[in-house]
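Worksheet: the structure to be examined is printed underneath.
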Amino acid sequence: MTSSIQDARWGARLWGALTVLCAVVFLDALDVSMVGVALPSIQADLGMSTSSLQWVVSGYVLGYGGLLLLGGRTADLLGRRRVFLAALVVFAVASLLGGLMTDGTLLIAARFVKGISAAFTAPAALSIITTTFAEGPARNRALSIFTACGASGFSLGLVLSGLLTEIGWRWTFLMPVPVALIALVAGLRLLARGEERGEGGHDLFGAVAVTGAMLLLVFTVVEAPKVSPVRTALSLAGSAALLGLFVLIERRVRHPLVRLGILRSAPLARANIGLVILFGSYVGFQFVAMQYFQNLLGWSALQTALAFLPAGLLVAVTSTKMGGLADRFGTSRLIAVGSVALLAGYALFLRVDLHPSLLTMVLPGMVLLGIAFALSFPSLNIQATAGVPDEEQGLASGLLNTSGQVGGAVVLAIVTAVLTAGTGGDPIVRFRAAIIVSALFALIGLGVALTGVRQRPRVPEAVEERVLEAA
């Protein structure tokens, strides 16, 4: 597969292959969010504490983010189609096992394995697209469709979860199984064979070091309220040491997991930071909102899901148009506007109380968050992969997805620590404090986005490519 598709008239087989890839990224995103509404039911059924409950989300996110770099590199080396289909089989099996678990620890383990499988499907799927469609309008169109499916899966997963949780929370784990199997059969027929493999080897030591650093970091943040400051400081130092070891390995190993030179690209760096903020702050906010709506206000799973519906519908309807807007206005401007919407959405939810207004808080807040995702998510993907050589598309895709998943795990850990600190106090105060965490991250994201706008008021793709090539 080479970057040769430029004609706007795509054939049926090409559309079919794109549909398979979009279906799987939809499932990956769906699985991150769909468990959200089911968390209170899982907690009640399995007797899990709030701090352990967040690992049902973080277990998947960490498996996903921890091995995404290895997944992207593996796709480049062994063949994107082969890696994509093999990981899809593991995803289906792990989904089935997750729905059958009766112990919280085993459920978290199944989620971790499921996240690992997604760490191989996601970069393989994205790199198949970016090596199939020529950079410019054709690739932007394909990426906008692809990222729209991912964003829609994440947003609409909340709604679907509400419906399934009314039947039983296990169905939120079992539902992806038949969809994954259908995608597997279709992928065997529609995805092109015989793509060239890259040269080099696997950097397993680097993968172990960076995964260990992230696991220790999140565990440290979650456990910080319950342990001594000295232990927290030592754990943070250990995480930093593992991250330093990872950098050292990458500088010396013959075939690094991450070619550090790729990080010199300012647009790519901003895109990765942007996804840390966008996904991380929203995962944290979603966790807080689920606890607020269901545990404090007593809403049903379906009512909670419907509260998120405006954001999901907005993303599903508008994200496919973002490729054209990126061609016209440049990715940096779209990301900046999306960052403003994200911050404004969180600011509205700082007004949480025992009698929230649907018309002045919940609805406009969700609409603003939907606008943020619709504008930012496709633009970040376009910005991160523009100008990257075909042989490193898996790496660029893995880096971007890793940023999002690591951001989700770390911010969720911080939010959970804030939410569970001083549990005997006023719950409204704790909910507001947890939402402030997401808002502060959004504010940082806005600052980063504005640096891109100041440097380049408009970012045509040709300019984007030259900047990246120069880097």
Side-chain donor or acceptor of Ser239 paired with backbone N/O of Ser235 under 3.5 Å: no
Within-4.5 Å side-chain heavy-atom neighbours: Ser332 and Arg270: yes
Chi angles and distances behind the side-chain contact (heavy atoms from CB on, under 4.5 Å) call for Phe441, Tyr282: CA-CA 10 Å; Phe441 274 95; Tyr282 187 74; over 6 Å; no
Where Val83 and Ala124 come nearest, the two heavy atoms and their spacing: CG1-CB, 4.5 Å
Side chain Thr451, main chain Val448, donor-acceptor under 3.5 Å: yes
Sub-4.5 Å side-chain heavy-atom contact between Cys22 and Leu18: yes
Backbone N/O of Thr360 and side chain of Arg351: donor-acceptor pair under 3.5 Å: yes
Heavy-atom side-chain proximity of Leu275 to Leu278 below 4.5 angstrom: yes
side-chain hydrogen bond (donor to acceptor under 3.5 Å, both in side chains): pairs with one or both residues in residues 341-350, sequence neighbours excluded: Ser281-Tyr346
Hey, can you pull the donor-acceptor pairs under 3.5 Å for the side chains in residues 110-118, sequence neighbours left out?
| from | atom 1 | to | atom 2 | distance (Å) |
| --- | --- | --- | --- | --- |
| Arg111 | NE | Val56 | O | 2.9 |
| Arg111 | NH1 | Asp31 | O | 3.3 |
| Arg111 | NH1 | Asp31 | OD2 | 2.6 |
| Arg111 | NH2 | Asp31 | O | 3.3 |
| Arg111 | NH2 | Val56 | O | 3.4 |
| Lys114 | NZ | Asp31 | OD1 | 2.5 |
| Lys114 | NZ | Asp31 | OD2 | 3.3 |
| Lys114 | NZ | Ser95 | OG | 2.8 |
| Ser117 | OG | Lys114 | O | 2.6 |

Nearest-0.5 Å distance that lies between atom CG in Leu107 and atom CZ in Phe173: 4.5 Å
For the student: nearest non-hydrogen atoms of Gly408 and Val283, plus distance: O-CG1, 3.9 Å
Approximate separation, where rounding is to 0.5 Å, of Gln286 CD and Leu369 CG: 11.0 Å
CD1-OG distance between Ile277 and Ser339, expressed to the nearest 0.5 angstrom: 9.0 Å
Tyr60 vs Asp28 side-chain heavy atoms within contact, under 4.5 Å: yes
Separation of Gln383 CD from Leu334 CG (nearest 0.5 Å): 10.0 Å
Evaluation steps, side-chain contact (heavy atoms from CB on, under 4.5 Å), between Leu314 and Ile371: CA-CA 7 Å; Leu314 190 61; Ile371 291 172; 3.3 Å; yes
Tyr292 side chain reached by Pro427 side chain, heavy atoms, under 4.5 Å: no
Spatial distance of atom OG1 (Thr304) from atom CD (Gln294) [nearest 0.5 Å]: 4.0 Å
Pair Ile42-Val35, side-chain contact (heavy atoms from CB on, under 4.5 Å): steps then yes or no: CA-CA 9 Å; Ile42 295 171; Val35 72; 3.9 Å; yes
Arg430 side chain vs Leu419 backbone, donor-acceptor pair below 3.5 Å: yes
Aromatic ring proximity, centroids under 6.0 angstrom, Phe377 and Phe279: no
Minimal non-hydrogen separation, Gly338 against Leu375, with atom names: N-CD1, 3.9 Å
Inter-residue atom distance Leu350.CG - Arg432.CZ, 0.5 Å rounding: 8.5 Å
Minimum heavy-atom distance Leu27-Pro176, with the two atoms named: CD2-CB, 3.9 Å
Nearest atoms (heavy-atom pairs only) where Asn295 meets Pro40: OD1-CB, 3.7 Å
Arg81 side-chain N/O to Leu191 backbone N/O, donor-acceptor pair under 3.5 Å: yes
Closest approach of Pro310 to Val367 (non-hydrogen atoms, all atoms of both residues): CB-CG2, 4.3 Å
Phe84 ring center near Phe120 ring center (under 6.0 Å): no
side-chain contact (heavy atoms from CB on, under 4.5 Å) between Glu250 and Phe205, intermediate numbers included: CA-CA 9 Å; Glu250 300 313 284; Phe205 290 109; over 6 Å; no
